[in-house]
There are 2 protein chains.
Amino acid sequence: MQTTSSPGNESRHKIELALGERINALISATRALSERSAAHFHPRLQPAAFHIARWLYAFGPARPSEVAEAVGMDRSSTSTLIGKMRSLGLLDSSPAPDDRRSIIVRLSAEGRQRVAATLEERGKEFYTRTQDWSTDDLARLVELLGRLTAERSSETES
Amino acid sequence: MQTTSSPGNESRHKIELALGERINALISATRALSERSAAHFHPRLQPAAFHIARWLYAFGPARPSEVAEAVGMDRSSTSTLIGKMRSLGLLDSSPAPDDRRSIIVRLSAEGRQRVAATLEERGKEFYTRTQDWSTDDLARLVELLGRLTAERSSETES
DNA sequence: TGATATGGTGGAGATATGCAAACCACCTCA
DNA sequence: TGAGGTGGTTTGCATATCTCCACCATATCA
């Protein structure tokens, strides 16, 4: 399955570049939406809390430092935000099984519901783009994106 | 092609929801990358300049207010950043043909090159995820993402 | 055991960005 | 023509976030 050094490599590389550009276009196109969602996520929380909550929503429970690394925020801000979200009941924490210094944070039912509501509400405009897509294409895109994001850090650790 | 009111609608809606979740997972997964790219884009520019440059890279020349709206920043910050990028030679502006109050900004060759370099450099880690994909799947994903982001504001205006 | 490293938390100061308001040039409409 | 609106720019201010830095509890390694 490794095609890294076979001929025909060049067009493969072109496709990979094209994928990079498309993903970047998607991220650019959704950035305004992200920021506005973050701003409206919770009236008593800073915008960045939404990025944390959304990551937990997408990838499940994790340690604070893992979250900070994954969303590109520093640990102290992440820690503060996590504290606030916990006191608002949006997420719970439990001790990490393998390291007593550490904890595992996870969205509470309310937190999950609130993220879902924010995504749903703010995403409406964007998803009108797929109105005239065939269900097949839609399903294929879902499947491919799923594969793209499935990996979850299992190899970024040492 | 409009299936909006036919039966079988419910599974359609499920797929649309799933797409939303996948796109959000992708955005969450790439957020750290975005922020770090933004921070390293140019030593004399604030991070947000990268978001502007990247949008222009993806969607082409536009008016400042259009850019601000699209990337979810306010106009004053956008204006300032555009000024700085212009003085650094990363982008050019020309008068808008239809409105003499307005201008059109576009990436210069150097700006385009610098965005591409940033994307390339910082994106390496991420794109290892597709190493064992078939070229077919890769191409399909490129095509579908292209359709998703193709529209470019032609209907968000009045 | 001791020495050093790491995860989480908190604070102090610097910076980036948002928000509000003012201004000018220009557009639109009456 | 005049009145009010809009695009771009600039300024002042509020706030969010980052960058260190220190601290504690625990882990790891000698």
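The chains referred to below are lettered A, B, ... by the order of the sequence lines, with proteins before strands, and numbering in each begins at 1. Note: hydrogens, waters and symmetry copies are ignored here, and every other heavy atom, side chains too, is used.
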Review point. Ignoring hydrogens and geometry, is there a side-chain-to-backbone donor-acceptor pair from B/Thr130 to B/Trp133 under 3.5 Å?
Key: no
Exercise for review: Would you mind telling me which of A/Met85, A/Arg86, A/Arg63 makes a side-chain contact (heavy atoms from CB on, under 4.5 Å) with A/Ser93?
Suggested key: A/Arg86
Review point. For the side chain of A/Arg122 and the backbone of A/Leu33, is there at least one donor-acceptor N/O pair under 3.5 Å apart?
Key: no
**Study point:** Per A/Ile103 side chain, nearest of listed nucleotides C/dT9, D/dT17, C/dG7
**Key:** C/dT9
Review point. Under 4.0 angstrom, heavy atoms only, what part of the nucleic acid is B/Ser76 near: base, sugar-phosphate, or nothing?
Key: base
Review point. Any Lys/Arg nitrogen of A/Glu16 or B/Lys124 sitting under 4.0 Å from an Asp/Glu carboxylate oxygen of the other?
Key: no
Check your understanding: Which one, D/dG5, D/dG8, C/dG8, comes nearest to the side chain of B/Ser65?
Key -> D/dG8
Exercise for review: Report the distance from atom NZ of B/Lys84 to atom C1' of D/dT9, rounded to the nearest whole Å.
Suggested key: 14 Å
Review point. How close or far is atom C1' of C/dG8 from atom CZ of A/Arg86, stated in whole angstroms?
Key: 10 Å
Check your understanding: For B/Ser77, which contact category applies under a 4.0 Å heavy-atom criterion: base, sugar-phosphate, or nothing?
Key -> base
Review point. If you check the B/Arg100 side chain, which of C/dG8, C/dC19, C/dC27 turns out closest?
Key: C/dC27
Point to revise | Value in whole Å for how far the P atom of C/dG8 lies from CE of A/Met85 | key: 14 Å
Review point. Is the phosphate of D/dG7, meaning OP1 or OP2, less than 4.0 Å from a side-chain N or O of B/Arg75?
Key: yes
**Study point:** Phosphate-side-chain proximity, B/Ser102 and D/dG8, N/O vs OP1/OP2 below 4.0 Å
**Key:** yes
Exercise for review: Could you please name the option among D/dA25, D/dT17, D/dG8 that lies closest to any side-chain atom of A/Arg101?
Suggested key: D/dA25
